[in-house]
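To start, the structure under review is shown below, and the notes come after it.
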Amino acid sequence: MNLTPLPPSPDKRGGDLTPLPSQGEPVLSLSKEGWREGGSPDAVVIGGGLIGSSIAFHLAQAGVRTLLIEQGDLASGASGANFGNVQVADTEFGLSLELTLQSYARFASLEAELDCALGYRRTGSLLLIENERQRALMKQRAAMLQAAGVRASLLTGDEARKLEPHLAPDSLIGALYNCDEGNLDPFKLVHAYARRGRERGLEVWTHTPVSGIEVREGHAVGVATPRGRVPAAWVILAAGAWSRELGRTAGLALPVQWVHGEALITEPLPPTARNALTSAVFFEATETAQEQAVGFCLRQRPAGNVMIGEAARVTRRLSRETTATALPAIAAAARRRLPVLRRAAVIRAWGIPVAFVPDSRPLLGAVDGVAGLLVATGLKSTIILTPLVGELVAGMVTGAAQDPRLAEFSPSRAMEEEEILWHSPSSVQ
Amino acid sequence: MPERTELVVVGAGPAGLAAAVEAAGLGLAVTLVDGYPRPGGQYFKQTPPELADAAGPEGHPTALFAEVAQADVRLVSDTLVWGIFPEADGFLICLYGPPGTPRRLLAQTVVLAPGAHDRPAPFPGWTLPGVMTAGAALALVEHQRVLPGRRVLLSGTGPLQLVLARHLIDGGAEVVAVLDANPFPWTAWQHALAAWGQWERLGEGWAAWRTMRRAGTALRWRHLVRRAEGNEQVERAIIGPVQGGGAETVAVDAICLGHGFTPSVQLARQAGCQDRYDPDQRAYVPVRDEWLQTTLPGLFVAGDGAGIGGKDVAQWEGRLAALGAARQLARAVPPDRVAAVRRELARQRRFAAVLTDLFPPSAHLGSLLTDDTVLCRCEEITVGEIRRTIDDGATTLNAVRMVTRAGMGRCQGRMCGGPVAELLAREIGQPVEAVGQVTPRPPVMPVPLEGLLEEET
């Protein structure tokens, strides 16, 4: 792939690590070693998922005294409920694609960098085309990906079935193929960042729901938790769907929305699909925002279990429920495309809110009016962007040069929130 | 649209059969769903017809079979209930069974009678072929007329081991020894009053005792099997006292583990019932009111699935839950019947409490585990792998599970959930309630992909 490094930016943001004076006595006792003697961190990262753990690791690596706070277990939200796909082909074009390709280049050496097994392997991916409208969209997408140096190609139905012989002949008329896409174990990635971060002084609090971000005179000054107030000069919000409510505590109306996505997994099966399979229907925006939309994505784990998604609906409820309607819908979608799965034993299903932003671009960077508060959420292809976004956000704290074009991801950008489209290409990656 | 019914009873063991009979007697429209081809559950398991000749007398007779046959109960056999979803107008019950079985029922009330499964008792070598649970061995001997081995060692606790020993000896096996992890029940005489009238079970125990005496089988208290060894299958067992030294090796070709039972709470949890940890049972049990109703109004749990009490407690609980369901449906419930059922249930519970008291689940099993002992059989996860996750900071069962995948296999943690939670709690010095439980997910039992569909196609 041809990767152009981002030009350095003259616009310097951050660099000031002096904690701001905070009001009220901090009720905090961190452990007694290392930076913790100072009593409070420089940066608090909210959200122990992929993005939060990567940011926390990169901050710790840069020598910033960092506390990562997670409401449940690490990777217990959407980061642990996805298929682990390191996917390029579904990205938005423009800066998103550029960053995606930059971040992708790191995966080849990520296991060595973190000195942890992540289960990373390149498998390839197929976006399955079922109608002419999808074919036109995928053709356009293939051309743009190729122009960016991605080895993507448009296949006929027969060509796709040579790669994945279990696909039913009448289930597709073509596919967008990318041989470079990969897969890893997302739990391992999150835990690797946390482990390597801890070695560099990162403090991690799990089972600690942040109840609010504290703002004084236009500055973020810390967070409130059940374990007490934590003063910090920097607060980084990376809580996925939960970011909306947390943003509200800082007086922000973040345009974070989410779908409730559901998926299921079978017992280990003989080789069934090598590539990640995703229906191109995800790219056809529909107006049925409140309805349950059923797409299709499938990934076979190295151990043989087949994960199948997904049924999803836009909702304002944060829940982990599995519903009586989603499971038969997923089963029907899977059986139609891969009849070989008809008798496969399903052993578990799950549901999780997955954040998205109505204009399909992430919320990434500083917030107008609240100094010291950074937001990093709503990424469309979270896993592939995880290493790069961690480094970018750490750079925003340490005052590293920033690409001015990142302004297009400003969490404060104007957006029509009403236009909630059914639009979730990567709710289960 | 799913079929509607007033009451769905899940499970046709003692609790479910009694609930169905009682409810039908009160005029309720009852559907009884059971996972086996023939009703009976584990206590009243019926020998499959194709084996009935070889097996001689057909399983355990119970008057409940005739009563259920005569009552106006719709029996749906050989059918799994894989999920229960509370909806505005009742409980949506998701089923998977043979062709022609409904896939969905909408029930105004539900009595869950799921029973229990053998308490898993991991120790080094327990995954070797030839090591099995006492429950599995009993089913083999009683219904298939197959011996688990020629030289069989029993290790566990409680009277079920004696019953199994008797069946094995009668079947021609040599029972090398019966090890009970608990001390000899010296205090049993204090419970004479509670045992008064339990002649059938006392007689069963006495007969087992006599058979063992005749065969010269040793019954050793405060002992358990510490390790099993062998190449292709178990060849030796290392046995010893629960605490302290003095181990010896015995040649065996089968080991049966009878450490009691643990309630099957998966369906109640998946439906959304609250539960609590019961330290006496060393298990989570659903929270219930005096009608055996859970925290979901209209959903009841009866029998071993709410805490191990045995078949008699189960039957009376089934009847009480049926009365509770009728009351929930605003039917007339005869007060004297309620009083009689409650009285009999109280009597049966007193005896059940004696057994729980005399033969509690052994607390010493955890000390046997070595780093290479497999805890999660489905995903083949060892104690060592779990300990590494704990060293990395995991403090909850969910965290251990996500990182190691223990409990993510076919059984969804039914087997390993308890032992992993106990290991984790021990290692971090917390009570087992503090490490939490795995989030309950449908399907609660493996179901073919097609079986999830609302209609057969």
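Heavy atoms closer than 4.5 Å to chain A are found in the side chain of B/Gln412, but not in its backbone. Looking at A/Arg195, only its side chain comes within 4.5 Å of chain B, counting heavy atoms on both sides. If you measure heavy-atom distances from B/Arg103 to chain A, you find no contacts under 4.5 Å at all. In this structure, the portion of A/Leu74 lying under 4.5 Å from any heavy atom of chain B is its backbone and not its side chain. With a 4.5 angstrom heavy-atom cutoff, B/Met445 touches chain A only via backbone atoms. Contacts between A/Ala303 and chain B at a heavy-atom distance below 4.5 Å are absent for every atom of the residue. Residue A/Ser76 touches chain B through both its backbone and its side chain, counting heavy-atom pairs closer than 4.5 Å. Heavy atoms closer than 4.5 Å to chain A are found in the side chain of B/Thr395, but not in its backbone.
Note that the CE atom of B/Met408 and the CD1 atom of A/Ile347 stand 9.5 Å from one another [nearest 0.5 Å]. To the nearest 0.5 Å, atom CD1 of residue A/Ile308 and atom CG of residue B/Leu449 are 5.5 Å apart. Between the CG atom in A/Leu264 and the CZ atom in B/Arg441 there is a gap of 12.0 Å [rounded to 0.5 Å]. Interatomic distance, OG1 of B/Thr389 versus CZ of A/Phe187, reported as 12.5 Å (0.5 Å rounding). Between B/Phe85 atom CZ and A/Thr322 atom OG1 the span is 5.5 Å, to the nearest 0.5 Å.
Residues B/Thr396 and A/Thr206 have side chains not in contact (no heavy-atom distance under 4.5 Å, counting atoms from C-beta outward).
Between the side chain of A/Arg335 and the backbone N or O of B/Leu453, no donor-acceptor pair lies under 3.5 Å.
In terms of the salt bridge (charged side-chain N to carboxylate O under 4.0 Å, His left out) criterion, residue partners of A/Arg337 (sequence neighbours excluded) are, by chain and number, A/Glu130.
The number of heavy atoms from other shown groups lying within 6.0 Å of CD (B/Glu433) is above 12. More than 12 heavy-atom neighbours from other residues, nucleotides or ligands sit within 6.0 angstrom of CZ on A/Arg336.
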Distance-only check: which donor-acceptor pairs under 3.5 Å involve side-chain atoms of residues 1-9 of chain B, not counting sequence neighbours?
unit_1	atom_1	unit_2	atom_2	d
B/Glu3	OE1	B/Arg74	NH1	2.7
B/Arg4	NH2	B/Asp89	OD2	2.8
B/Thr5	OG1	B/Ala29	O	3.2
B/Glu6	OE1	B/Ala29	N	2.9
B/Glu6	OE1	B/Arg331	NH2	2.9
B/Glu6	OE2	B/Arg331	NH2	2.4

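Chain A forms the most heavy-atom pairs under 4.5 Å with one residue out of B/Asn398, B/Val403, B/Asp392, and that residue is B/Asp392.
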